[in-house]
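Here is how names work: the chains are called A, B, and so on, in the same order as the sequence lines, proteins then strands, and each is numbered from 1.
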There are 2 protein chains.
Amino acid sequence: MTTNPSNTGLADKMRRGAVLAAACPSRKILNHVTSRWGVLVLLALGRGTHRFAELRRAVGGVSEKMLAQTLQCLEADGFVKRIAYPVVPPHVEYSLTPLGEELSIRVEGLTDWIEENLPRIMESRPVSE
Amino acid sequence: MTTNPSNTGLADKMRRGAVLAAACPSRKILNHVTSRWGVLVLLALGRGTHRFAELRRAVGGVSEKMLAQTLQCLEADGFVKRIAYPVVPPHVEYSLTPLGEELSIRVEGLTDWIEENLPRIMESRPVSE
DNA sequence: GTAAGTACACACTAAAAGGTAAGTACTATG
DNA sequence: CATAGTACTTACCTTTTAGTGTGTACTTAC
């Protein structure tokens, strides 16, 4: 195990710690993914195709504006696929792309761990709130 | 594979989708972890113990104020251990708790995936920026 | 005919997050 | 003896994020 960052190889550093550099483009993607609603939308879509209003109900507390914004952002990153049927009233379906599926697995890994370990986490917190 | 969220069992829903509920306490923890600097600090500390100034240099772009705030937050959640040696000039060491180690593995899973797939992601983006 | 639902966009405002600069108390280095 | 380094905190200000309310164009249910 490395206890000091300076004893990892340079190639390894480039490969695995690039996000730590401010200028790295993966920073932007990371920020989209870990945004307040991005994580939750990815999680919800991991369970299957949803319509806009369904997503809004699934993701507790999200506003229409933020949901629309988040979806557009994730779509631009290639994680979400949007299919609009030209009918009236409008019918739009959101789902994950293959890229999005892969990503949502990692996001789920994170959120599942938090949920499962919530008792341990709460326990280790000093007091209140 | 479930394509519709309504055909998952209720117990399963409770266990795996609790974050989707606005009132769930795991929401708060998730927000701490996925905060702009939280992810990066967890990542940096995953490589070993760091002093404050070392962390500041490791995490590109973070200000002293935000680093201090982030560390206090992660410490309160039980992910980070702070050891202050009563010497002058001050000497403080930050490291991950066992809980933090487990968490940082999931965070790394996410960031490593993003870094590795950055070419694919950029490719799938329509244009510019 | 009125209300609700569909999938948003837009304008305006409120709140939260984050940056900058300064200060602290002391030491080591040049 | 001035400068830099240590680990922060505080005040102030800017930027970003998010909420609220409105409008659209049309349909279905009551």
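Across all strands shown, the partner of D/dC1 is C/dG30, judged by Watson-Crick or G-U wobble contacts whose two distances both fall under 3.5 Å. In this structure D/dA29 sits in a base pair with C/dT2, meeting the Watson-Crick or G-U test at under 3.5 Å.
Between B/R51 and D/dA7 there is a side-chain polar atom (N or O) within less than 4.0 angstrom of OP1 or OP2. One finds a side-chain N or O of A/S63 lying less than 4.0 angstrom from the OP1 or OP2 phosphate oxygen of D/dG19.
One finds a salt bridge joining A/R120 and B/E102 here, because a Lys/Arg side-chain nitrogen approaches an Asp/Glu carboxylate oxygen to under 4.0 Å. A salt bridge is absent between A/K81 and A/E101: the closest approach of a Lys/Arg side-chain nitrogen to an acidic carboxylate oxygen does not fall below 4.0 angstrom.
The CE-C1' distance, from B/M66 to D/dT9, rounds to 14 Å in whole Å. Atoms CD (B/E75) and P (D/dC8) sit 9 Å apart, rounded to a whole Å. Across the protein-nucleic acid pair, A/I83 atom CD1 and C/dA7 atom P stand 13 Å apart, rounded to whole Å.
Relative ring orientation between B/H91 and B/Y85 is described as perpendicular, the plane-to-plane angle rising above 60° on a 0-90° scale split at 30° and 60°.
Backbone-only engagement by B/Q72 is indicated by non-hydrogen atom pairs under 4.0 Å involving sugar-phosphate atoms exclusively. Contacts of B/Y85 with the nucleic acid, taken as non-hydrogen atoms under 4.0 Å apart, are absent. Using a 4.0 Å heavy-atom criterion, one finds that A/R56 contacts no nucleic acid atom at all.
Counting only heavy atoms from C-beta on, B/V88 has its side chain closest to C/dT27 among C/dA7, C/dT27, D/dC8. Checking C/dC8, D/dT27, D/dT9 against the side-chain heavy atoms of B/A68 singles out D/dT9 as nearest. Proximity note for A/W37 (side chain, C-beta onward) versus D/dG19, D/dA7, D/dT27: the nearest is D/dG19. Comparing atom distances between the A/K65 side chain and each of D/dT6, C/dT20, D/dT20 picks out D/dT20 as nearest.
Cluster membership check: B/I83 shares its hydrophobic cluster with B/V87, using side-chain heavy-atom separations under 4.5 Å among Ile, Leu, Val, Met, Phe, Trp and Tyr.
Both B/H91 and A/P89 lie close to DNA chain D; mapped to their nearest nucleotides by heavy-atom distance, the more 5′-ward contact belongs to B/H91.
The one candidate from B/I114, B/T34, B/L30 that meets the side chain to side chain contact (heavy atoms under 4.5 Å, CB included) condition with A/T34 is B/T34.
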